[in-house]
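Have a look at the structure below, then the notes.
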Amino acid sequence: MDRDEVLRRVQDKKPNQLDEMEEEILNKGCRAGLVVGLAACAFTMIAKIIAGVSYYDVYAVYCFMVGGQWLYKWAKLKKRSDLGLGLMWVGLAVGLFAGYLAEIF
């Protein structure tokens with residue numbers, strides 16, 4: 001790519017559109033956030049087990065978050081595997097939440 005083409009691409013870019021580096025940083029940040037969220041779920045689960053309280057709600061929330069990310073990815077890229085994974089995670093979340101409700105009521 002020559003200098004004029006790079007300049008033209010930069011000028012044609014929408015004002016709020018992320019460039020490739022910003023998108024990669026955002027993706028890595030989301031993955032890191034899920035790992036930290038999983039660790040927080042594990043600590044919360046241990047505390048709830050010690051307290052003798054149901055802990056399914058913690059993992060239901062985590063599974064909803066992961067499922068939401070997969071479904072958003074499917075909505076943008078239209079890959080069937082992303083849809084399948086998103087539905088699987090959301091289904092797991094619904095099951096965990098139903099188990100939590102059954103246990104507390």
Side-chain angles (χ1 to χ4, degrees):
M1 237 183 312
D2 65 345
R3 182 177 154 219
D4 294 331
E5 185 177 349
V6 171
L7 183 60
R8 183 182 50 79
R9 282 188 179 189
V10 169
Q11 289 172 344
D12 290 343
K13 190 177 94 165
K14 296 176 184 171
N16 294 330
Q17 186 178 6
L18 300 175
D19 65 10
E20 292 153 5
M21 184 180 76
E22 290 170 330
E23 286 179 5
E24 183 63 27
I25 290 170
L26 182 62
N27 287 335
K28 285 183 181 181
C30 287
R31 285 191 299 265
L34 286 177
V35 170
V36 171
L38 183 61
C41 286
F43 289 126
T44 306
M45 181 193 73
I46 291 168
K48 284 187 164 205
I49 288 173
I50 292 170
V53 179
S54 177
Y55 58 87
Y56 296 120
D57 59 330
V58 175
Y59 286 104
V61 171
Y62 181 78
C63 290
F64 276 122
M65 289 175 11
V66 174
Q69 283 191 336
W70 280 110
L71 291 175
Y72 179 80
K73 187 176 175 184
W74 167 75
K76 293 297 181 185
L77 300 177
K78 302 296 186 211
K79 286 176 54 180
R80 291 182 74 187
S81 61
D82 294 340
L83 176 62
L85 285 168
L87 292 176
M88 181 194 72
W89 278 102
V90 170
L92 179 62
V94 168
L96 286 167
F97 189 68
Y100 172 72
L101 290 177
E103 194 169 314
I104 65 169
F105 289 115

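A continuous path of ILVMFWY side-chain contacts below 4.5 Å connects Phe97 to Leu38, so both sit in one hydrophobic cluster. When hydrophobic clusters are built by joining Ile, Leu, Val, Met, Phe, Trp and Tyr residues whose side-chain heavy atoms come closer than 4.5 Å, directly or via intermediates, Leu96 is grouped together with Met65.
For Lys78 and Trp74, the positive end sits near the middle of the six-membered ring, less than 6.0 Å away and at most 45° from its axis.
Interatomic distance, Leu26 CG to Glu23 CD, rounded to the nearest 0.5 Å: 8.0 Å. Once rounded to the nearest 0.5 Å, the distance linking CE of Met88 with OG of Ser81 reads 11.5 Å.
Among Leu85, Leu83, Val90, the single residue meeting the side-chain contact (heavy atoms from CB on, under 4.5 Å) criterion with Leu87 is Leu83.
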Check: residues 39-64 side-chain donor-acceptor pairs under 3.5 Å, at least two apart:
{"from": "Thr44", "atom 1": "OG1", "to": "Ala40", "atom 2": "O", "distance (Å)": "2.7"}
{"from": "Lys48", "atom 1": "NZ", "to": "Asp57", "atom 2": "OD1", "distance (Å)": "3.0"}
{"from": "Lys48", "atom 1": "NZ", "to": "Asp57", "atom 2": "OD2", "distance (Å)": "2.9"}
{"from": "Ser54", "atom 1": "OG", "to": "Glu103", "atom 2": "OE2", "distance (Å)": "3.4"}
{"from": "Tyr62", "atom 1": "OH", "to": "Leu34", "atom 2": "O", "distance (Å)": "3.3"}

- [ ] Evaluate side chain to side chain contact (heavy atoms under 4.5 Å, CB included) for Met21 paired with Ile25, printing each intermediate quantity in order.
- [x] CA-CA 6 Å; Met21 184 180 76; Ile25 290 170; 4.0 Å; yes

